[in-house]
Chemist: 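Quick one: the structure is below, questions incoming.
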Amino acid sequence: MSTNQALADRLAQIARIQELLGADRFRAISNERAARTIEGLSVDIATLAKDRKALLEIDGIGPKIADKVIEFVETGRIAELDELAAQVPPGVIDLLNIPGLGPKTAAVLWKQGGVTDLAGLKRLIESGEILKLPRMGAKSVERLKESIALAESGSQRLALGLALPVAQRIVERLRKVKGVQQAAYAGSLRRGKETVGDIDILVAANDADAARAASEAFRTAPEVRQVILSGETKTSVRVAVSPDLGRWTVEGREGDAVPEESGPTIQVDLRVVPPESWGAALMYFTGSKEHNIELRERALAMGLTLNEYGLFPEDGHEEPPQKRGVKPVAGRTEAEVYHALGMAYIPPEMRELQGEIAWAERSLKRSKPAPSDGDDDATAGLITVGDIKAELHAHTTASDGSMSIQQLAAGAKARGYHTIAVTDHSRSSAIANGLSIERLLAHIEAVREANEQAEGITILAGSEVDILADGRLDYPDDILEKLDVVVASPHSSLSQAPEAATARLISAISNPCVHILGHPTGRLINRRAGLAPDMAKVIAAAKEHNVALEINAHWLRLDLRDTHVRAAVDAGCLIAIDCDVHAPEDFDNIVFGVLTGRRGWLPPEQCINTWPAKKLHAWLKSKR
DNA sequence: GCCGTTTTCGGCCCGACTGTTTTCAGTCG
């Protein structure tokens, strides 16, 4: 685990205990906020901690938290956390993982009910004694029991690629409901986070009848397993996740997985708003929470108030403006709201409170006169799927792919690409049927021949060469020199020490034959952590040696991850976004790679897959 | 515990829903 994550976890833990102990809640909020900020930071906090002033420049980090950061980096501990933890049984803190059970309830269970862990809570429920506690009625206990069962089933966050089809299916259905003007998914899914904790759906309905119809359609959908809550404008359900995309194995593929009756589920929240509130509601529901809070504070400072119904003049009334018929300043589109707040439109992927507010202020000034109120993100300058013109990491039946060279080329051409690189596995990847030198040489010939025959697309001969544990590549240089594209990737020894991993990757980057560092950490989301190299050093080496760092677009990899992309982009590194194609549908994964690039603020010109053929081919040759 | 386009002190985003209460506390996002 990275230092950033470890520190964020500890600060969040401080916040949780403070809430449990009933301390000043704004203190807890400050610690929690700092935790989220540090988690999303693209620079290594340990490096930053050497300079206290630099720490204090980060939003939400003041003198007290800066000291805690420094203390943690230097000693590996935070004394304050140790003291706090000694005051609360660890099992009580764990109770907060139960959905719907917050700090106030946990404190009551502990102090008045004598509960010190989950087992104790269950005993209290069984005995019925729990009903004697304040605000604990039969219904509350019933909900609590369901929540405990859910927490015990170990519900982890769902991978982006599994959540997206669920959301798209629901949105399509809601769009067909009479009187529904717009429907979209929002939340962390729209922001393109690699995993999501729930799915948020927003609907704009013409009138109350349409709103009811949309809610009804949502509640009664076939995949709904449970209705959690259902009000006039807000409904939450738990739906089954189809595992039909879950057939990916580490290398190669298995047959379709059999759907399980009691398979994974995810919570889906629906919110219905009037059309004139669409933009404001979409912003509110897209988040991130920290981004929203910042915008609302900004609105207040401008004499305005922002909620999911719109941006209104702040007039000091107790009753919310939308209930008094106050005319909003903005709210129909997101761009309208951002502009009214003195900012350029901010793409969802950037809304993590990691400098995008200042960026949007600068952008608006640059793009005078004021941009149109459409929700186009042309001004943002981030990469889009339409910018991608080449696939540089693809496998054929020669190793572990399911397609021929010609089929690969046809797939790439159908997407409007000008180039595809055939990069089958190297000899050490025995499980993936890696190519011996003899087979590789023959394969190169086959690719060259296919390229001769191909029209409207260039087929390049390449290899996905294993980076061996000691940093050597799996083919000698005189073989690599024969290839148009060399993608060097780690596949084995993925749990080696960080120092060894750093040296290993830098060794590969330093080889003049290498063009692209493929899936640099080898992690699989929710399955294995992968390598934990010093990314700052890897990025610096890639920049020095003119090697592109790959964002592997498969939703289980997304490797580089978003924060590393941001650091690489800031360092001026080249980025490749590749689908690691093994089967025809893998080309579709490009959307996840591009989302991850956008989360790292990647402009198209810094991504080699967007370059025109001439420029790309020249760059590849320049390394020969 | 942080922070400043009325503030270096005194604020701190805003609304929906539920359950247990008789006007609201707790949780969530």
Side-chain angles (χ1 to χ4, degrees), chain A residues 11 14-15 18-19 22-37 55-69 80 95-96 98-109 131 133-144 147 186-189 191 196-202 211 215 227-236 267-273 277 280-281 283-312 314 318-323 341-342 353 361:
Chain A
L11 288 175
I14 288 175
Q18 284 175 329
E19 284 185 310
D24 173 25
R25 44 185 270 272
F26 293 108
R27 267 196 200 180
I29 288 170
S30 293
N31 279 306
E32 172 63 28
R33 182 183 145 126
R36 295 285 78 82
T37 300
L55 282 178
L56 291 172
E57 275 174 22
I58 299 172
D59 260 353
I61 295 187
K64 291 265 175 47
I65 291 180
D67 287 341
K68 284 184 235 179
V69 171
E80 184 189 350
L95 294 181
L96 298 176
I98 299 168
L101 198 165
K104 293 284 195 322
T105 311
V108 168
L109 287 169
L131 291 165
L133 296 176
R135 307 192 60 79
M136 273 295 172
K139 278 190 172 176
S140 295
V141 174
E142 207 44 49
R143 284 178 90 89
L144 184 56
S147 296
S188 49
L189 183 60
R191 300 202 310 280
V196 303
D198 65 8
I199 294 173
D200 302 304
I201 310 276
L202 183 67
S215 300
V227 177
I228 298 167
L229 63 84
S230 180
E232 268 185 49
T233 64
K234 187 176 166 180
T235 305
S236 290
Q267 181 170 332
V268 186
D269 299 332
L270 172 72
R271 188 73 187 267
V272 185
V273 296
S277 298
M283 283 172 71
Y284 153 74
F285 226 22
T286 296
S288 66
K289 188 178 175 180
E290 290 75 17
H291 177 88
N292 284 347
I293 290 175
E294 189 72 17
L295 290 186
R296 290 178 180 200
E297 286 175 350
R298 183 184 177 88
L300 284 179
M302 294 173 73
L304 301 165
T305 179
L306 176 64
N307 60 34
E308 56 263 52
Y309 296 100
L311 183 64
F312 299 91
E314 171 61 58
E318 185 98 347
E319 199 180 12
Q322 68 274 10
K323 293 199 174 164
L341 288 172
L353 200 60
E361 285 175 353

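Chain A is the first sequence line, chain B the second, and so forth, proteins listed ahead of strands; every chain is numbered from 1. The figures here come from the full heavy-atom set of this structure, side chains too, leaving out hydrogens, waters and symmetry mates.
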Chemist: List in chain and number order the residues that pass salt bridge (charged side-chain N to carboxylate O under 4.0 Å, His left out) with A/Glu232, two or more places apart in sequence or in another chain; answer none if no residue qualifies.
Modeler: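 With sequence neighbours excluded, A/Glu232 shows a salt bridge (charged side-chain N to carboxylate O under 4.0 Å, His left out) to no residue whatsoever.
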
Chemist: With heavy atoms under 4.0 Å as the rule, sort A/Glu294 into base, sugar-phosphate or nothing.
Modeler: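 Nothing, no heavy atom under 4.0 Å.
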
Chemist: Please identify each residue that fulfils side-chain hydrogen bond (donor to acceptor under 3.5 Å, both in side chains) with A/Thr105, with sequence neighbours left out.
Modeler: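 Counting only residues at least two positions away or on another chain, A/Thr105 forms no side-chain hydrogen bond (donor to acceptor under 3.5 Å, both in side chains).
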
Chemist: Looking for any heavy atom pair under 4.0 Å, which part of the strands does A/Arg143 touch: base, sugar-phosphate only, or nothing?
Modeler: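 A/Arg143: backbone/sugar contact only, no base atoms under 4.0 Å.
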
Chemist: Answer yes or no: is there a side-chain heavy-atom contact under 4.5 Å between A/Tyr309 and A/Lys323?
Modeler: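 When only atoms from C-beta onward are counted, A/Lys323 and A/Tyr309 do not touch, as no gap falls below 4.5 Å.
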
Chemist: Under 4.0 Å between any heavy atoms, over every strand shown, what does A/Pro134 touch: base, sugar-phosphate, or nothing? Just pick one.
Modeler: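 It contacts nothing in the nucleic acid.
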
Chemist: Here's a test of your reading of the structure: between A/Ala66 and A/Asn307, which maps to the more 5' nucleotide of DNA chain B?
Modeler: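 Upstream on the strand: A/Ala66.
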
Chemist: Sequence neighbours left out, what pairs pass side chain to side chain donor-acceptor pair (under 3.5 Å) with at least one residue falling in residues 57-68 of chain A?
Modeler: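 Matches after skipping sequence neighbours: A/Asn31-A/Lys68, A/Arg52-A/Asp67, A/Lys68-A/Glu80.
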
Chemist: Sticking with atom C1', work out how far B/dT8 lies from B/dC14, rounded to a whole angstrom.
Modeler: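 About 27 Å, rounded to a whole number of Å.
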
Chemist: Does A/Arg27 reach the main-chain N or O of A/Gln18 with its side chain, forming a donor-acceptor pair under 3.5 Å?
Modeler: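 Looks like no, no N/O pair under 3.5 Å.
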
Chemist: Using atom P in both nucleotides, what's the gap between B/dG26 and B/dT22 to the nearest angstrom?
Modeler: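 B/dG26 and B/dT22 have their P atoms separated by 13 Å.
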
Chemist: Please tell me which of A/Glu232 and A/Ser30 maps to the more 5' nucleotide of DNA chain B, matching each residue to the nucleotide holding its nearest heavy atom.
Modeler: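 The residue mapped nearer the 5' terminus is A/Ser30.
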
Chemist: Write down the distance separating the C1' atoms in B/dT18 and B/dC12, rounded off to the nearest Å.
Modeler: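 That atom pair is separated by 27 Å.
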
Chemist: Pick the P atom in B/dT21 and in B/dC17, then give their distance to the nearest Å.
Modeler: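 Result for the P pair: 22 Å, nearest Å.
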
Chemist: Under 3.5 Å, which N/O atoms of the protein pair with N/O atoms of nucleotides 25-29 of chain B?
Modeler:
unit_1: B/dA25; atom_1: N3; unit_2: A/Arg135; atom_2: NH2; d: 3.4
unit_1: B/dG26; atom_1: O3'; unit_2: A/Thr105; atom_2: OG1; d: 3.2
unit_1: B/dT27; atom_1: OP1; unit_2: A/Gly102; atom_2: N; d: 2.7
unit_1: B/dT27; atom_1: OP1; unit_2: A/Gly102; atom_2: O; d: 3.0
unit_1: B/dT27; atom_1: OP1; unit_2: A/Thr105; atom_2: N; d: 3.0
unit_1: B/dT27; atom_1: OP1; unit_2: A/Thr105; atom_2: OG1; d: 2.5
unit_1: B/dT27; atom_1: OP2; unit_2: A/Lys104; atom_2: N; d: 3.2
unit_1: B/dC28; atom_1: OP1; unit_2: A/Gly100; atom_2: N; d: 2.7

Chemist: Nearest-Å distance, CG (A/Leu270) to P (B/dC17)?
Modeler: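 One finds 11 Å between P of B/dC17 and CG of A/Leu270, rounded.
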
Chemist: Residues two or more places apart in sequence or in another chain: which of them pass side-chain hydrogen bond (donor to acceptor under 3.5 Å, both in side chains) with A/Gln322?
Modeler: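 With neighbours one apart ignored, the set is A/Asn307.
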
Chemist: For the P atoms, the ones on B/dT5 and on B/dC13, what distance do you get once it is rounded to whole angstrom?
Modeler: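 So the two P atoms sit 15 Å from each other.
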
Chemist: Rounded at 0.5 Å granularity, tell me how far OG in A/Ser236 sits from CG in A/Leu270.
Modeler: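 Here the interatomic distance stands at 8.5 Å.
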
Chemist: Pick base, sugar-phosphate or nothing for A/Leu295, based on heavy-atom distances below 4.0 Å to the nucleic acid.
Modeler: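 Answer is nothing: A/Leu295 stays at 4.0 Å or more from every strand.
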
Chemist: Please identify each residue that fulfils side chain to side chain contact (heavy atoms under 4.5 Å, CB included) with A/Glu32, with sequence neighbours left out.
Modeler: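 Only A/Ala12, A/Ala15, A/Arg36 meet the side chain to side chain contact (heavy atoms under 4.5 Å, CB included) criterion with A/Glu32.
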
Chemist: Answer with base, sugar-phosphate or nothing: what part of the nucleic acid does A/Ala23 contact at a heavy-atom distance below 4.0 Å?
Modeler: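 Touches nothing.
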
Chemist: Within this structure, what is the CD1-to-C1' distance between A/Ile228 and B/dG19, rounded to whole angstrom?
Modeler: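 Rounding to the nearest Å, CD1 of A/Ile228 and C1' of B/dG19 are 16 Å apart.
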
Chemist: Give the rounded distance in Å between these two atoms: CG of A/Leu144 and C1' of B/dT18.
Modeler: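 So the two atoms are 14 Å apart, to the nearest Å.
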
Chemist: Take atom CD1 of A/Ile58 and atom P of B/dC2, then tell me their distance rounded to the nearest Å.
Modeler: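 Distance, rounded to whole Å: 12 Å.
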
Chemist: Looking only at atom types and distance, does a side-chain atom of A/Ser277 sit under 3.5 Å from a main-chain N or O of A/Ala280, one as donor and one as acceptor?
Modeler: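 Looks like no, no N/O pair under 3.5 Å.
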
Chemist: Distance check, C1' atoms only: B/dT6 and B/dG11, in whole angstrom units.
Modeler: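 It works out to 13 Å between them.
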
Chemist: Could you measure between the two P atoms, the one in B/dT20 and the one in B/dA16, and give it in whole Å?
Modeler: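 It comes out at 22 Å once rounded to the nearest Å.
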
Chemist: Between atom CG in A/Leu56 and atom C1' in B/dG1, what is the gap in whole Å?
Modeler: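 Rounded to whole Å, this separation is 13 Å.
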
Chemist: Roughly how far apart, to the nearest Å, are B/dG15 and B/dG10 at atom C1'?
Modeler: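 It comes out at 25 Å once rounded to the nearest Å.
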
Chemist: Taking CZ from A/Arg27 and P from B/dC3, how many angstroms apart are they, rounded to a whole number?
Modeler: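 Answer to the nearest Å: 16 Å.
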
Chemist: Please tabulate, one pair per line, each protein N/O and nucleotide N/O from nucleotides 4-12 of chain B that are separated by under 3.5 Å, including the distance.
Modeler:
unit_1: B/dT6; atom_1: OP1; unit_2: A/Ala301; atom_2: O; d: 3.3

Chemist: Who are the side-chain hydrogen bond (donor to acceptor under 3.5 Å, both in side chains) partners of A/Ser230, not counting sequence neighbours?
Modeler: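 For A/Ser230 the side-chain hydrogen bond (donor to acceptor under 3.5 Å, both in side chains) partners, ignoring immediate neighbours, are A/Arg219.
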
Chemist: Side-chain N or O of A/Thr305 less than 4.0 angstrom from OP1 or OP2 on B/dC13?
Modeler: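 So the side chain of A/Thr305 is outside the cut-off, no N or O lying under 4.0 Å from OP1 or OP2 of B/dC13.
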
Chemist: Report which part of the nucleic acid A/Ser236 touches: base, sugar-phosphate, or nothing (heavy-atom distance under 4.0 Å, all strands).
Modeler: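 If one applies the 4.0 Å heavy-atom cut-off, A/Ser236 turns out to touch nothing in the nucleic acid.
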
Chemist: May I have the distance from A/Leu229 (atom CG) to B/dC17 (atom P), rounded to whole angstrom?
Modeler: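 Those two atoms, CG and P, are 8 Å apart.
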
Chemist: Rounded off to whole Å, could you give me the NZ-to-C1' distance for the A/Lys323 and B/dC14 pair?
Modeler: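 Rounded to whole Å, this separation is 11 Å.
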
Chemist: Taking only side-chain N and O atoms of A/Tyr309, does any of them lie within less than 4.0 angstrom of OP1 or OP2 on B/dA16?
Modeler: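 Result: yes.
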
Chemist: Holding to side chain to side chain contact (heavy atoms under 4.5 Å, CB included), I want the full list of residues that pass it with A/Ser30, two or more places apart in sequence or in another chain.
Modeler: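 A/Ser30 satisfies side chain to side chain contact (heavy atoms under 4.5 Å, CB included) with no residue once adjacent residues are dropped.
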
Chemist: Using both distances under 3.5 Å as the test, list the Watson-Crick or G-U wobble partner of B/dG26, or none.
Modeler: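 B/dG26 is paired, partner B/dC17.
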
